[in-house]
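Computed from a predicted structure; not experimentally measured. Residue numbers start from 1 in every chain, and the chains themselves are labelled A, B, ... in the order their sequence lines are given, proteins ahead of strands.
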Number of protein chains: 2
Amino acid sequence: MSERSVTPARRRGLADEVADTVREAIFDGTYAPGAQLREVELSRALEVSRGPVREALLRLEREGLVHTAWHRGAFVVELSAADIAELDSLRGALEGLAVSLVAETADERGLTAIEAAADTMGRAGDAYAMVRADIAFHDAVYAAAGHRRLREAWQAIRSQVHLFLLTRVGVSDDLAHLPGEHRELAAALRAGDTDRAARLFADHRKHAFHLLTGGRTAAPYPGSERESG
Amino acid sequence: MSERSVTPARRRGLADEVADTVREAIFDGTYAPGAQLREVELSRALEVSRGPVREALLRLEREGLVHTAWHRGAFVVELSAADIAELDSLRGALEGLAVSLVAETADERGLTAIEAAADTMGRAGDAYAMVRADIAFHDAVYAAAGHRRLREAWQAIRSQVHLFLLTRVGVSDDLAHLPGEHRELAAALRAGDTDRAARLFADHRKHAFHLLTGGRTAAPYPGSERESG
DNA sequence: TCTTGTCTCAATGTTAACATTAAGACAAGC
DNA sequence: GCTTGTCTTAATGTTAACATTGAGACAAGA
């Protein structure tokens, strides 16, 4: 049992540490969308040299949280309406695969983790904790899929989704229904009902999309509608 | 007309140059799967310092062509049967979205580019040129989808697919039917027939999968079969 | 008034030296 | 004979200094 929790014990290096710190700073609002991330500034603040900072910024760029330009530096991304639509449709495609994998091949451990994540969401205090729990729930689903590249594809947009949720949280405080939805999703996955699970996940996304954009955003890509029809 | 081909003219930096060179070297077989990529060795050979080389290796890692371990360096990936199955299923999910986007919203320019890529394939000389043309065809499809993050998700596995095709080319010299298939795919896309295009693309992948793995490989993920049913 | 050329400077791109790590060889101990 | 500890060495991780770039300010010219 306790053997299971033994971490691979691999050293992480300063770059990972820096990346985590900066990512949290962006989520905390320390660096707002559009803000510039200066290498020397960060290296001074974190007491490391510019090497690891550069590497960390590259990693954040891979996550889509930061965009860089030649000799002009790194900036926190500003998500446009079109970007939100892209994230929504791509999420749909990835989650479609993840859900079918989990429903058809997931083991007990993965299903338990998903249900635990759903339960955690029910105990979330404020809206920000709710957002964290929501992301964690989807993390659990991707983890249970047992598909490394799929998980990596999710991680490439995960931070952007997180950022979007954080900036839009508060436009609607009617988030109380989410924990119930997640428990329903978890139940469908455990039941192995692929079609029902896929439909629920699609509805879940569409629901959140319209709720958070308030309908003022561009319509989602047509491709994102296909699986729910 | 000529205005259209004006490149953004942005400087690329040594890291991009190095990444391109090393990627080509991997595809050429200079660095076989499993080979170590030493930073000092590369920096000496390319006459740059280790900084850009490190950055290039990070980029190749993002493409999945290389994997690195703490204080142990970078190695060319060795694709297992499970990896191939992952690539196939993830490709299916991404292409499903791409195909529906192209069939429903693509403009004339994108469709023309796809057809041009299909025609190029017909004129491919040897099997290696055929592989390049095949990748280029799919590139054109993703480009025509007009979905930046989808294209990036494809680029994250593109090189791995390319590497796999190169290592397996020759197990079957019956690749003559591919150009015809591609032209058929292009026609379905231009016709805007989403369902037919999706079915054709799924069959195309399944066909290539079985052809190149010779059926000796693990079965593809169940999720990869869904859209063709 | 608008354009164009020059200048300045802050920031990134690059380099080479230094510090730390991990795998392998080898001998001591059980 | 097998394990364990130490040493060596080759590689990466990190640092700080140097080189290059791009945006803005400003003045001269049409």
Side-chain angles (χ1 to χ4, degrees), chain A residues 3 6-23 25-26 30-78, chain B residues 3 6-23 25-26 30-78:
Chain A
E3 248 182 304
V6 181
T7 165
R10 55 174 61 92
R11 293 290 175 93
R12 301 198 324 130
L14 288 183
D16 295 282
E17 224 81 38
V18 171
D20 289 347
T21 306
V22 174
R23 191 188 302 109
I26 292 175
T30 305
Y31 296 104
Q36 185 168 7
L37 299 171
R38 275 173 262 268
E39 294 182 359
V40 288
E41 185 181 320
L42 288 173
S43 64
R44 254 203 302 264
L46 301 174
E47 294 183 348
V48 290
S49 102
R50 281 178 49 213
V53 171
R54 269 181 82 79
E55 204 167 316
L57 289 177
L58 239 67
R59 183 151 325 189
L60 294 178
E61 189 185 14
R62 160 160 53 177
E63 296 177 16
L65 260 186
V66 154
H67 70 101
T68 66
W70 170 269
H71 263 296
R72 253 183 295 171
F75 298 82
V76 180
V77 288
E78 299 178 276
Chain B
E3 248 184 301
V6 181
T7 166
R10 55 172 62 92
R11 293 289 176 93
R12 303 199 323 133
L14 288 181
D16 294 282
E17 224 82 37
V18 171
D20 288 347
T21 305
V22 175
R23 191 187 304 108
I26 292 175
T30 306
Y31 297 104
Q36 186 168 6
L37 299 171
R38 275 174 261 269
E39 295 181 358
V40 288
E41 184 181 322
L42 288 173
S43 63
R44 254 203 301 264
L46 301 174
E47 294 183 347
V48 291
S49 104
R50 282 178 50 214
V53 171
R54 268 181 84 77
E55 204 169 316
L57 289 177
L58 239 65
R59 184 152 324 189
L60 294 178
E61 189 185 13
R62 161 160 51 176
E63 295 177 16
L65 258 186
V66 154
H67 71 99
T68 65
W70 170 269
H71 264 294
R72 254 183 296 169
F75 299 81
V76 180
V77 290
E78 299 177 277

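One can place CZ of A/R44 at 15 Å from P of D/dT15, the figure rounded to the nearest angstrom. Residue A/D16 contributes atom CG, which lies 17 Å from atom P of D/dT12 at whole-angstrom precision. With rounding to whole Å, B/L58 atom CG is found 17 Å from C/dT14 atom C1'. Atom pair A/E39:CD and D/dA17:C1' shows a separation of 15 Å (rounding to whole Å applied). We find that CG of A/L14 is positioned 12 Å from P of D/dA16, with the value rounded to whole Å. As rounded to whole Å, 12 Å separates atom C1' of D/dG22 from atom CD of A/Q36. Nucleotide C/dG13 holds its C1' atom 14 Å from the CD atom of B/E17, rounded to whole Å. Going from atom CD of B/E47 over to atom P of C/dA16 covers 11 Å, rounded to whole Å.
Between the side chain of B/Q36 and the backbone N or O of B/R72, at least one donor-acceptor pair lies under 3.5 Å. Distance alone, capped at 3.5 Å, places no donor-acceptor pair between the B/E55 side chain and the B/A19 backbone.
Across B/A74 and B/T68, no two heavy atoms sit closer than the pair CB-CG2, 3.6 Å. Shortest non-hydrogen contact noted between B/V77 and B/G64 is CG1-O, 3.2 Å.
B/L37 comes within contact range of the sugar-phosphate backbone alone, with a heavy-atom separation under 4.0 Å but no base atom that close. Within the nucleic acid shown, B/G51 comes within 4.0 Å of at least one base atom, counting heavy atoms only.
Taking the side chain of A/H71 as heavy atoms from C-beta on, and the options D/dG13, D/dT21, D/dA17, the nearest nucleotide is D/dT21. The side chain of B/S49 approaches C/dT15 more closely than any other nucleotide in the set C/dA11, C/dG13, C/dT15. Here C/dA22 is the nucleotide among D/dA16, D/dA11, C/dA22 with the atom lying nearest to any side-chain atom of B/R72. Closest to the B/R38 side chain, of the nucleotides D/dT15, C/dT14, D/dA11, is D/dA11.
Close to C/dA22, at under 4.0 Å from its OP1 or OP2, lies a side-chain N or O of B/W70. Residue A/R50 has no polar side-chain atom (N or O) positioned under 4.0 Å from OP1 or OP2 of C/dT12.
Residues B/V22 and B/V66 form no side-chain contact, since every pair of their non-hydrogen atoms from C-beta on lies 4.5 Å or further apart.
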